[in-house]
There are 2 protein chains.
Amino acid sequence: MAYVTIRDVARRAGISVSTVSRALNETGRISPQTKAAVERAVEELHYIPDSRAKAMRSLSTRTVGLLVPDIRNGYFADLAYAIQDTLFNAGYCTFIGTSSESATRQDAFITSILSQRIDGAIIVPQGEQSDALRLLLGTKLPVVFVDRQAKGLGGVPVVDSNPEPGLAAALHDIQRRGFARVGYVSGPVLDSPSLQERESVFRVIAAGIFGEENVFVESTSFERASCESVLRRMHGSGVDALIFGYSPDAVSAVSLLADSAVRIGRDISIVSFDDLELFRLTSPQISVISQQVQEIGQRGAQLFLDMLAGETQAASQRVDTVYAPRASVGKA
Amino acid sequence: MAYVTIRDVARRAGISVSTVSRALNETGRISPQTKAAVERAVEELHYIPDSRAKAMRSLSTRTVGLLVPDIRNGYFADLAYAIQDTLFNAGYCTFIGTSSESATRQDAFITSILSQRIDGAIIVPQGEQSDALRLLLGTKLPVVFVDRQAKGLGGVPVVDSNPEPGLAAALHDIQRRGFARVGYVSGPVLDSPSLQERESVFRVIAAGIFGEENVFVESTSFERASCESVLRRMHGSGVDALIFGYSPDAVSAVSLLADSAVRIGRDISIVSFDDLELFRLTSPQISVISQQVQEIGQRGAQLFLDMLAGETQAASQRVDTVYAPRASVGKA
DNA sequence: CTGAAAGCGCTTACAG
DNA sequence: CTGAAAGCGCTTACAG
């Protein structure tokens, strides 16, 4: 209400609107005095250009949409932070939305930002059957997927993490410490390509090292009880070194174990994906396979900016996972 | 690029642009056939109205700015989530920005969203000497502060938490368990009104219960080492029940103590502000004074929406803190 | 019930 | 170097 407009500035500076526009955007030549007058008027009036009006003529709104499943999850909070920060430093405002792992909410958010005429979007995709996502992709606006890809949407560049290096390092560490069998807890979310890839990469590497008969894989549902029974079954199979593909499961396991007689790092060895703060605060600290989420966020945002700038045909990137051994892995 | 416009819809439906606009906004009367034709055209063309163009005529852009210090902090992530969610359900898109506790970044973000012609903003304020904040307030747009107030900016409604009930309950619990002296670790951020209030409320209540001579207060700097020396000094003063006003300090303390011989809940009793997930996962679990951040977020957003709707002169609200006793508080 | 016209705050050819 | 005019995609009186 009562925003000051370019017309007010023009009036104050005693010149035309078009000249003010040119002075502000430093397009074309303007005399020093004019420029000075404009600057003074802008200063005095606290003029802030209306970027929406600007956008109507000149395309770019300098806004981008960012969709993550849930910022309350520390991993996505870190990711969102890195992206938002990179974008802001490049002069873009970011609309944030959360999908709560639901395609419906994803669609609602995408439709909203489309109506805001975003310059593009960075998305952690939810499933493949999303109308709005299709629509977004149809606009030819720059879009990049981060953290995971969406099946069937192959044309979109994605920045995600490569589970292989971290998993290999963890498994070799486990072997070196004398363990003969190894288990993998794969988490509940079965339609996440990233989670699926982790599991299959685990199977391949682990079988190579320990032999197929010494490799155990179990999945959990969302309840804590299911995590408990998985732990019990693993133990029953004589597995005392476990890798968690889905960090919330590891969190549950750590808290379950804290109340039991089983001591982590002695009776059972544990490695989890995701370098959560929490894993550095427990006693013993939990070994992790870090996805380097900040790196993923920055690279994703940078890739997006490159696409915006029209540079090259953007290519997907993978960030190597890194294994950080800590006291939660003991000796067999 | 190549967005479909209302003109395309009009052409397709074989009617005028103004009629399409009316049909879409359900303003004025339109014949059923016309309406049907419009709907069909919208469907076929995948028309999404340009809310910026819309905003140029009708004021509201249906966007709001949200500024928090850092979403990587679990507390602010929860807060941002609650706000974003409430706003989205009311049909608003939210621009998110992080200030990293810096007034400069706060100003940059506010200027950006102002240029996006937001309908208003919800802010966790940083200090009082912010030009852009002044400017924002000067526009008369609805603004609400959440989590804390800003000194000198009294006119803005704020939704924050009331430390009193939680602190009182915690202190009574500590007394009931036989402790004779109590300590308070106040955190490093001295210009946060909320933190200051916590400390002073603590002093008053604690002095009332234990007597002034049995009440100890220390502050920390950001380093871990400072937390360690505070713990040592407290111990030296014979204090074995501690309340942390700033949860990151409590996190440091928990991890420091995990590596020492001092056992939480036996040798030392601990209560921390903020109901972080982490505090439920340690062993023993840490007693907390919860700020009910989700409630703060929802109420803040609701208050904002009320202001937007022009209802009444909005009044500040306080959400009571709640004490959750857990095993980290033992017996004297 | 519907259409033509003006205007929101800008930018950008087009003249001068 | 500067100004008048058109137009970006909408909405909203104003006529009919």
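Protein chains get the first letters and strands the later ones, always in sequence-line order, with residue 1 at the start of each. As a basis for the values below, the full set of heavy atoms in this structure was taken, side chains included, without hydrogen atoms, waters or symmetry mates.
- Between A/D8 and A/Y47 there is no side-chain heavy-atom pair separated by less than 4.5 Å.
- Residue A/R117 places no side-chain atom within donor-acceptor reach of the base of D/dG9, judged by atom type and a 3.5 Å distance cut-off alone.
- Listed pair A/S21 / C/dT11 meets the phosphate criterion, a side-chain N or O lying under 4.0 Å from OP1 or OP2.
- A distance-only check finds a donor-acceptor pair linking the side chain of B/R62 to the backbone of B/G91 [under 3.5 Å].
- Residue A/R7 contributes atom CZ, which lies 6 Å from atom P of C/dC8 at whole-angstrom precision.
- Where B/R22 and B/P49 meet DNA chain D, the nucleotide closest to each residue was compared, and B/P49 sits on the side nearer the 5' end.
- Applying the salt bridge (Lys or Arg N to Asp or Glu O under 4.0 Å) rule to B/D131 yields no partners; only residues at least two apart in sequence or on another chain are considered.
- Per the geometry, CD belonging to A/E26 stands 14 Å off P belonging to C/dT12, to the nearest Å.
- Atom P of nucleotide D/dT11 and atom CD1 of B/I30 are separated by 14 Å, given to the nearest angstrom.
- At a threshold of 4.0 angstrom between heavy atoms, the contacts of B/T5 are confined to the sugar-phosphate backbone, with no base atom among them.
- Put simply, CZ on B/R62 is 17 Å from P on D/dC10, counting in whole angstrom units.
- Under 3.5 Å, the side chain of A/S16 and the base of D/dA4 form no donor-acceptor pair of N or O atoms.
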After noting the C-alpha distance and the side-chain angles of B/D85 and A/R105, does the key distance pass the salt bridge (Lys or Arg N to Asp or Glu O under 4.0 Å) rule? CA-CA 11 Å; B/D85 196 58; A/R105 289 210 36 149; 2.7 Å; yes
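- When heavy atoms are screened at a 4.0 angstrom cut-off, A/S31 is found touching the sugar-phosphate backbone but no base atom.
- Among B/L67, B/V158, B/V146, the single residue meeting the side chain to side chain contact (heavy atoms under 4.5 Å, CB included) criterion with B/I123 is B/L67.
- Regarding A/K54, its NZ atom lies at a distance of 21 Å from the P atom of D/dC10, rounded to whole Å.
- Per the geometry, CD1 belonging to A/I6 stands 6 Å off P belonging to C/dC10, to the nearest Å.
- Ring geometry for A/F95 versus B/F95: interplanar angle under 30°, hence parallel rather than tilted (30 to 60°).
- Scanning residues 32-42 of chain A for heavy-atom distances under 4.0 Å to DNA chain C yields an empty list.
- Here the options are A/D78, A/L79, A/D160, the test is side chain to side chain contact (heavy atoms under 4.5 Å, CB included), and the partner is A/I296; only A/L79 passes.
- Distance alone, capped at 3.5 Å, is enough to place a donor-acceptor pair between the B/Q106 side chain and the B/Q126 backbone.
- The separation between A/Y47 atom OH and C/dG9 atom C1' is 7 Å, rounded to whole Å.
- Rounded to whole Å, atom P of D/dA13 lies 13 Å from atom CG of B/N25.
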Taking it one step at a time, do A/E295 and A/R299 satisfy salt bridge (Lys or Arg N to Asp or Glu O under 4.0 Å)? CA-CA 6 Å; A/E295 180 84 17; A/R299 288 223 223 158; 3.0 Å; yes
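- For B/A53, whose side chain is taken as the heavy atoms from C-beta onward, the closest listed nucleotide among D/dG9, C/dG3, D/dT11 is D/dG9.
- When the nucleotides D/dT12, D/dC8, C/dG3 are ranked by their closest atom to the side chain of A/R57, D/dC8 comes out on top.
- Distances shown here put a side-chain N or O of B/T19 below 4.0 Å from the OP1 or OP2 atom of C/dG3.
- Between the side chains of A/D70 and A/S100, no donor-acceptor pair is found at a separation under 3.5 Å.
- Comparing atom distances between the B/M56 side chain and each of D/dG9, D/dC1, C/dT2 picks out D/dG9 as nearest.
- DNA chain D contains the following stems of three or more consecutive Watson-Crick or G-U pairs, with both distances under 3.5 Å: C:1-3 with D:14-16, C:5-12 with D:5-12, C:14-16 with D:1-3.
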